[in-house]
Amino acid sequence: MAEAGPVTEIGAHGARLTIDLGAIVANWRILAVRGAGADCAAVVKADAYGCGIGRVGPALWAAGCRTFFVAHLSEGVAARAALPEAAIYILNGLPPGVAEAFAAHELRPVLGSIAELSDWAALSSGRLPAALHVDTGMNRLGLPVPEALDLAGDGRITAAGIDLLLSHFVSAEKPEDPVNARQIADFARVRAAYPQLRASLANSSGVFLDGARHDLLRPGYALFGGNPIPGGANPMRPVVRLEALIAQVRDVAVGATAGYNGRWTAPRPSRLATLSLGYADGFPRAISGRGQALVGGVPCPILGIVSMDLIILDVTAAPAATRGATAVLIGDGLDIDAVGRSAGTIGYEILTGLGSRYVRDYVG
């Protein structure tokens with residue numbers, strides 16, 4: 001029997017996701033400069049927006065980032081393993097019965113209710129830090145502004161070790177939205193009642209809003225290449241590149257259909273390429289018949305329905321489309337925001353949904 005040849009990594013996985021750690025660090029520095037003296041944290045929830053907290057966290061720490069935010073306790077535990085000395089805040093608050101686990105991993109809950117504040121104060125006795133979340137308009141998590149004002153001077157603030165006051169923008173990516181000015185004003189009122197605390201309001205887009213930067217910036221999406229100023233030129237460097245293997249190329253006649261339910265019909269003699277990637281890899285089914293990929297730099301429409309493991313492209317105009325070549329689905333000008341628009345969603349969903357089957361290459 002002949003000896004088997006080597007299996008290339010992309011051949012084994014079907015697609016490659018390349019993550020540029022240097023670009024993430026560069027984006028953090030761009031945002032830090034915008035802060036005009038404010039410290040710049042990093043929001044690394046959802047496994048660092050799908051890019052891997054185990055690699056992203058240490059890269060940002062080495063660049064000088066000292067404060068990190070995640071959503072859940074489980075994410076905090078993973079972040080602590082990667083960042084043993086960092087300040088790590090848990091945005092989704094303090095669920096009942098888990099305060100001891102927070103303390104064991106030196107994680108800081110973002111407290112958004114009287115019940116959470118009381119639970120943490122009882123455990124902390126001023127020894128364990130936490131943040132206080134005030135709701136200035138999202139109506140999702142956090143203390144209402146009047147309640148936060150009433151709590152100023154309450155002994156539980158000291159007992160809970162509160163060292164940070166924060167809120168979250170509703171529409172920071174739309175600077176003309178009047179809700180921004182209302183939130184900035186309401187947050188200023190609460191901040192004035194807690195002069196001893198550092199304050200944080202600016203998310204990725206908030207970094208670009210006057211009056212929003214305060215003491216600590218909390219960018220997330222922009223670190224990973226998302227545009228924090230939609231409608232304007234993206235000041236961030238691209239971070240992710242997704243390319244898939246072309247498994248097969250075929251010629252079809254006029255009237256031939258492609259994919260499940262024959263949703264695409266060839267209007268002319270066409271050349272089709274099938275990619276080894278599908279919605280099981282986190283590439284959205286909603287992009288069926290709407291998105292495109294690049295083959296040899298040529299835009300090639302996605303045809304028919306994205307299936308679990310495969311996508312069909314029209315590569316009639318792309319002579320580089322051959323078996324074993326690759327197609328770029330994110331990168332080379334196809335940024336995550338553009339892919340999100342093609343799928344009828346946002347780049348956040350594309351980025352955080354990218355799956356685990358890809359071979360992952362870290363560069364930079």
Side-chain angles (χ1 to χ4, degrees), residues 17-71 75-76 78-91 107-108 110 131 164 166 168-169 172-173 198-210 212-230 232-241 330-331 335-337 346-348 350-352 354 360-364:
L17 182 66
T18 302
I19 298 164
D20 189 340
L21 296 173
I24 295 172
V25 167
N27 289 340
W28 179 78
R29 288 177 172 149
I30 290 168
L31 295 161
V33 168
R34 290 282 311 183
D39 289 335
C40 190
V43 179
V44 289
K45 58 188 178 179
D47 196 26
Y49 284 70
C51 293
I53 185 61
R55 300 296 296 270
V56 171
L60 286 169
W61 176 268
C65 184
R66 294 294 179 263
T67 304
F68 296 81
F69 291 83
V70 296
E75 292 183 344
R80 176 57 71 214
L83 296 159
E85 299 178 63
I88 301 172
Y89 290 90
I90 311 300
L91 288 164
L107 302 173
R108 306 181 182 192
V110 176
L164 179 68
L166 66 81
H168 194 72
F169 274 117
E173 75 281 7
R198 292 194 307 159
S200 177
L201 179 59
N203 57 1
S204 289
S205 295
V207 172
F208 295 82
L209 286 179
D210 290 337
R213 288 181 278 273
H214 299 294
D215 303 303
L216 183 69
L217 312 177
R218 299 196 320 274
Y221 184 54
L223 295 174
F224 303 97
N227 189 354
I229 47 173
N234 189 353
M236 316 316 298
R237 285 177 50 178
V239 167
V240 299
R241 175 184 173 88
I330 301 174
D335 64 38
I336 51 176
D337 293 298
I346 55 177
Y348 293 75
I350 301 300
L351 187 58
T352 59
L354 294 174
R360 288 181 173 231
D361 286 347
Y362 287 90
V363 299

**Q** Return the set of residues passing side-chain hydrogen bond (donor to acceptor under 3.5 Å, both in side chains) with R237 (not counting sequence neighbours), or none when no residue passes.
**A**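 Testing R237 for side-chain hydrogen bond (donor to acceptor under 3.5 Å, both in side chains), a comparison that skips the adjacent residues, returns none.
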**Q** Got a sec, which pairs hit salt bridge (Lys or Arg N to Asp or Glu O under 4.0 Å) with one end in residues 79-90, sequence neighbours left out?
**A**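 Checked against salt bridge (Lys or Arg N to Asp or Glu O under 4.0 Å) - neighbours excluded - no pair reaches residues 79-90.
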**Q** Hey, what do you get for CD1 (I336) to CZ (R241), rounding to the nearest 0.5 Å?
**A**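 Answer rounded to 0.5 Å: 15.0 Å.
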**Q** Which heavy atom of V25 sits nearest a heavy atom of A63, and at what distance?
**A**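 Taking every non-hydrogen atom into account, CG1-CB, 3.6 Å.
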**Q** Between the main-chain N or O of L17 and the side-chain N or O of R360, is there a donor-acceptor pair closer than 3.5 Å?
**A**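 It does not hold such a pair.
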**Q** What is the distance from atom CG of L83 to atom SG of C65, rounded to the nearest 0.5 Å?
**A**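 With rounding to 0.5 Å, CG (L83) is 8.5 Å from SG (C65).
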**Q** Below 4.5 Å, heavy atoms only, C-beta onward: do D215 and S200 meet side chain to side chain?
**A**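 Counting from C-beta outward, D215 and S200 never come under 4.5 Å.
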**Q** Have Y89 and R108 got a donor and an acceptor in their side chains that come within less than 3.5 Å?
**A**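 Short answer, yes.
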**Q** Is the backbone N or O of A46 less than 3.5 Å from a side-chain atom of E75, with the two atoms forming a donor-acceptor pair by type?
**A**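 Judged by distance alone, yes, a pair lies under 3.5 Å.
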**Q** Applying ring-ring contact (aromatic ring centres under 6.0 Å, His included), can you list everything that pairs with F169, at least two apart in sequence or on another chain?
**A**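 In terms of ring-ring contact (aromatic ring centres under 6.0 Å, His included), with neighbours along the sequence ignored, F169 is linked to no residue.
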**Q** Suppose we screen for side-chain contact (heavy atoms from CB on, under 4.5 Å). Which residues come up paired with V363, at least two apart in sequence or across chains?
**A**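 Result, side-chain contact (heavy atoms from CB on, under 4.5 Å) vs V363: T18, D20.
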**Q** Apply salt bridge (Lys or Arg N to Asp or Glu O under 4.0 Å) to R218 and list each qualifying residue two or more places apart in sequence or on a separate chain.
**A**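 Per chain and number, R218 pairs via salt bridge (Lys or Arg N to Asp or Glu O under 4.0 Å) with no residue.
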**Q** Between C40 and P219, which heavy-atom pair has the shortest distance, and what is it?
**A**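 Smallest interatomic distance, heavy atoms only, reads SG-CG, 3.7 Å.
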**Q** Listed by chain and number, what are the side-chain hydrogen bond (donor to acceptor under 3.5 Å, both in side chains) partners of S204, not counting sequence neighbours?
**A**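 Partners of S204 under the side-chain hydrogen bond (donor to acceptor under 3.5 Å, both in side chains) test: none.
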**Q** Tell me, please, which residues at least two apart from N227 pass side-chain contact (heavy atoms from CB on, under 4.5 Å).
**A**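 Partners of N227 by the side-chain contact (heavy atoms from CB on, under 4.5 Å) criterion, ordered by chain and then number, come out as I229, N234, P235, D337.
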**Q** Closest heavy-atom contact between D210 and R213?
**A**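 Minimum heavy-atom contact is OD1-NH2, 3.5 Å.
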**Q** Could you grab the distance from atom CG of L216 to atom CG of L166, nearest 0.5 Å is fine?
**A**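 CG of L166 is found 8.5 Å from CG of L216.
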**Q** Could you report the tightest heavy-atom contact between A222 and L31, atom names first, then the distance?
**A**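 The pair with the smallest heavy-atom distance is CB-CD1, 4.0 Å.
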**Q** Enumerate the residue pairs fulfilling salt bridge (Lys or Arg N to Asp or Glu O under 4.0 Å) with a member in residues 30-53, sequence neighbours excluded, ordered by first and then second residue.
**A**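 Passing the test, one end in residues 30-53: D39-R198.
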**Q** Would you call I330 and I350 a side-chain contact if the rule is heavy atoms closer than 4.5 Å?
**A**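 The answer is yes; the side chains approach within 4.5 Å.
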**Q** Any side-chain heavy-atom pair from P228 and M236 closer than 4.5 angstrom?
**A**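 They are in side-chain contact.
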**Q** Between D361 and I19, is a side chain to side chain contact (heavy atoms under 4.5 Å, CB included) present by the stated rule, with each step listed?
**A** CA-CA 6 Å; D361 286 347; I19 298 164; over 6 Å; no
**Q** On a heavy-atom basis, which atom in L223 and which in A42 lie closest, and how many Å separate them?
**A**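 Smallest interatomic distance, heavy atoms only, reads CD1-CB, 3.7 Å.
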**Q** Please report the interatomic distance SG(C51) to CD1(I24), rounded to the nearest 0.5 Å.
**A**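 So the SG of C51 and the CD1 of I24 are separated by 5.0 Å.
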**Q** Excluding sequence neighbours, so at least two apart, what forms ring-ring contact (aromatic ring centres under 6.0 Å, His included) with F208?
**A**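 Expected list: none.
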**Q** Pairs in or reaching into residues 18-61: which pass ring pair (Phe, Tyr, Trp, His ring centres under 6.0 Å), with residues at least two apart or in two chains?
**A**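 Every ring pair (Phe, Tyr, Trp, His ring centres under 6.0 Å) pair that includes a residue of residues 18-61, provided the two are not neighbours, is Y49-F224.
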**Q** Can you name the residues that form a ring-ring contact (aromatic ring centres under 6.0 Å, His included) with H214, not counting sequence neighbours?
**A**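 Only F187 meet the ring-ring contact (aromatic ring centres under 6.0 Å, His included) criterion with H214.
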**Q** What pairs with A79 under side-chain contact (heavy atoms from CB on, under 4.5 Å), at least two apart in sequence or on another chain?
**A**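 Scan of A79 (side-chain contact (heavy atoms from CB on, under 4.5 Å), adjacent residues dropped) gives I53, V70, I88.
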**Q** Would you name the heavy atoms of F69 and A41 that are closest together and state the gap between them?
**A**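 Of all heavy-atom pairs spanning F69 and A41, the closest is CE1-CB, 3.7 Å.
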